[in-house]
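Below you'll find the structure, written out as structure tokens, and then a few comments.
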Amino acid sequence: MFLRVNDLTAGYGGSTVLTGVSLDLEQGGALALLGRNGVGKSTLVMTLAGLVRPKSGSVMLAGRELAGRRPDQIARQGVGLVPQGRRVWSSLSVADHLELAARRARTPDPAWTVERVYERFPRLAERRGHLGGQLSGGEQQMVAIARALLTDPALVILDEPSDGLAPAVVDQIDDVLRKLRADGVTVLLVEQDLHLAFSVCDEVAVMAKGQVVHRAATPAFRRDPDTAHRLLGVAA
Ligand SMILES: Nc1ncnc2c1ncn2[C@@H]1O[C@H](COP(=O)(O)OP(=O)(O)OP(=O)(O)O)[C@@H](O)[C@H]1O
Ligand SMILES: [Mg+2]
């Protein structure tokens, strides 16, 4: 298994948010991580990326233990993070963001270069001189995704990329993520937008109270609206 998370616990100070998360993901696969607000999805994402320190448990990526390592070490092992809220700098240009990220590529001959990013995201090429603060939400999300790609990741983790975006812009994100999959990148997608999650991912995992409580293939999950309603409170 490419990614194997086993009995991971983590939290903030004295409070434990993740109470034993286990999940796995095969190479080239895409898993949607669903769950109501506050169940610990972002905490899991940040723990996988090394930004929250695990209290116990294991995160194996391609046979290497990542739990307890620093964010830069985890990035070098091939984990690219697109954080919730995008974290684009308002006073740096698009080109600045991309060039800074390209310097952190983990291989001398990376699959993703700034030029290739501009081909994949023509909108960013047009706006390369614009400052982060002048971009639309969708353009900022493209920068956040492009920045992760430039580190040449084997696994991309996205935390609610559709958040706050208009449906037409979510369709563009959908297109970008499906192309990434076609490139062979493994995807872990935290989403509230079920349409996007189902479009991109062949499996879903649902978190509740700091654990993964349900796992299904996307078509099976779509045929089971009662489970979606019980765990997510929405009609899938
Ligand atoms: N930096 C922090 N310090 C302390 N508690 C935090 C911190 N970040 C999150 N929490 C708490 O951890 C719990 C899980 O939050 P988390 O952000 O992981 O949930 P989430 O599933 O990503 O929610 P959402 O869908 O709203 O993004 C919540 O109770 C939240 O208040
Ligand atoms: Mg979150």
Side-chain angles (χ1 to χ4, degrees), residues 3 5-25 30-59 66-71 74-75 79-88 137-138 140-145 147-148 153 155-167 169-170 173-174 177 187-201 203-216 218 221 227-236:
L3 174 69
V5 179
N6 190 43
D7 208 12
L8 192 66
T9 70
Y12 306 94
S15 79
T16 301
V17 174
L18 305 182
T19 56
V21 170
S22 299
L23 61 81
D24 48 40
L25 180 51
L31 176 67
L33 188 66
L34 313 176
R36 295 174 193 251
N37 292 120
V39 295
K41 302 180 301 296
S42 294
T43 303
L44 174 59
V45 161
M46 291 200 293
T47 307
L48 296 179
L51 298 164
V52 170
R53 217 184 151 74
K55 296 182 203 280
S56 64
S58 165
V59 178
L66 300 185
R69 298 230 201 167
R70 293 194 315 262
I74 292 175
V79 177
L81 175 65
V82 183
Q84 190 164 14
R86 298 158 200 153
R87 310 286 157 81
V88 168
Q140 289 183 351
Q141 191 64 60
M142 299 289 177
V143 170
I145 294 172
R147 189 169 53 184
L155 167 69
V156 175
I157 305 176
L158 303 106
D159 195 351
E160 301 204 27
S162 76
D163 196 19
L165 302 183
V169 184
V170 176
I173 302 284
D174 187 336
L177 297 183
V187 173
L188 179 62
L189 174 64
V190 175
E191 255 308 329
Q192 308 265 4
D193 183 325
L194 294 182
H195 183 76
L196 177 62
F198 294 160
S199 168
V200 173
C201 298
E203 287 190 282
V204 304
V206 185
M207 281 183 75
K209 292 186 194 153
Q211 296 189 346
V212 173
V213 295
H214 186 74
R215 173 90 184 233
T218 300
F221 190 76
T227 298
H229 190 260
R230 176 169 55 85
L231 294 173
L232 303 173
V234 295

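Just follow the structure's listing: the first ligand is 1, and inside any ligand the first atom is 1. Given the structure is predicted, the values throughout are model-derived calculations rather than measurements. Quick note: numbers below take in every heavy atom, side chains included, and nothing from hydrogens, waters or symmetry partners. Index from 1, following the sequence.
- Contact annotation: G35 has no heavy atom less than 4.0 Å from any atom of ligand 1.
- Contact between V88 and Q140 at its shortest, heavy atoms only, is CG2-O, 3.5 Å.
- A donor-acceptor pair under 3.5 Å links the side-chain atoms of E191 to the main chain of S162, judged by distance alone.
- Looking at atom 17 (O) of ligand 1, its nearest protein heavy atom turns out to be S42 CB, 3.6 Å.
- Protein heavy atom in closest approach to atom 23 (O) of ligand 1: G38 N, 2.8 Å.
- Close contacts of ligand 1 with Q84, meaning ligand atoms under 4.0 Å from a residue heavy atom, involve 27 (O).
- Note: no N/O pair closer than 3.5 Å links V17 and ligand 1 by distance alone.
- For atom 15 (O) of ligand 1, the closest non-hydrogen atom on the protein side is T43 OG1, 3.8 Å.
- When non-hydrogen atoms are compared, ligand 1 lies under 4.0 Å from the side chain of Q192 (C-beta onward) but not from its backbone.
- Both the backbone and the side chain of N37 come within contact range of ligand 1, each with a heavy atom under 4.0 Å.
- To the nearest 0.5 Å, atoms CZ (R86) and CG (L158) are separated by 12.0 Å.
- For atom 31 (O) of ligand 1, the nearest protein heavy atom is 4.0 Å or more away.
- Between the Mg ion (ligand 2) and N37 there is no N/O/S contact shorter than 2.8 Å.
- In terms of modelled atom types and a separation under 3.5 Å, the side chain of T47 and the main chain of T43 share a donor-acceptor contact.
- Distance check for atom 4 (C) of ligand 1: a protein heavy atom is found below 4.0 Å.
- For the pair I145 and I173, the minimum side-chain heavy-atom distance is below 4.5 Å.
- For ligand 1, the atoms sitting less than 4.0 Å from at least one non-hydrogen atom of K41 are 18 (O), 19 (O), 20 (P), 21 (O), 22 (O), 23 (O), 24 (P), 25 (O), numbered in the order shown with element in parentheses.
- Counting only distance, with no hydrogens or angles, the side chain of R215 and the backbone of D24 share a donor-acceptor pair below 3.5 Å.
- Among all heavy-atom pairs drawn from T218 and E203, the shortest one is OG1-N, 3.2 Å.
- Here the heavy atom of the protein found nearest to atom 11 (C) of ligand 1 is Y12 CE1, 4.1 Å.
- A donor-acceptor contact shorter than 3.5 Å is absent between the side chain of T9 and the backbone of G20.
- Ligand 1 has E160 within reach: a non-hydrogen atom of the residue lies less than 4.0 Å from it.
- To the nearest 0.5 angstrom, M207 atom CE is 14.0 Å from R36 atom CZ.
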Quick one: do D159 and R87 satisfy salt bridge (Lys or Arg N to Asp or Glu O under 4.0 Å)? Show the steps, please. CA-CA 12 Å; D159 195 351; R87 310 286 157 81; over 6 Å; no
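- Here the angle centred on the Mg ion (ligand 2), running from OE1 of Q84 over to OG of S42, is 70°, rounded to 10°.
- Proximity annotation for atom 19 (O) of ligand 1: of G85, A208, G40, G40 comes nearest, heavy atoms only.
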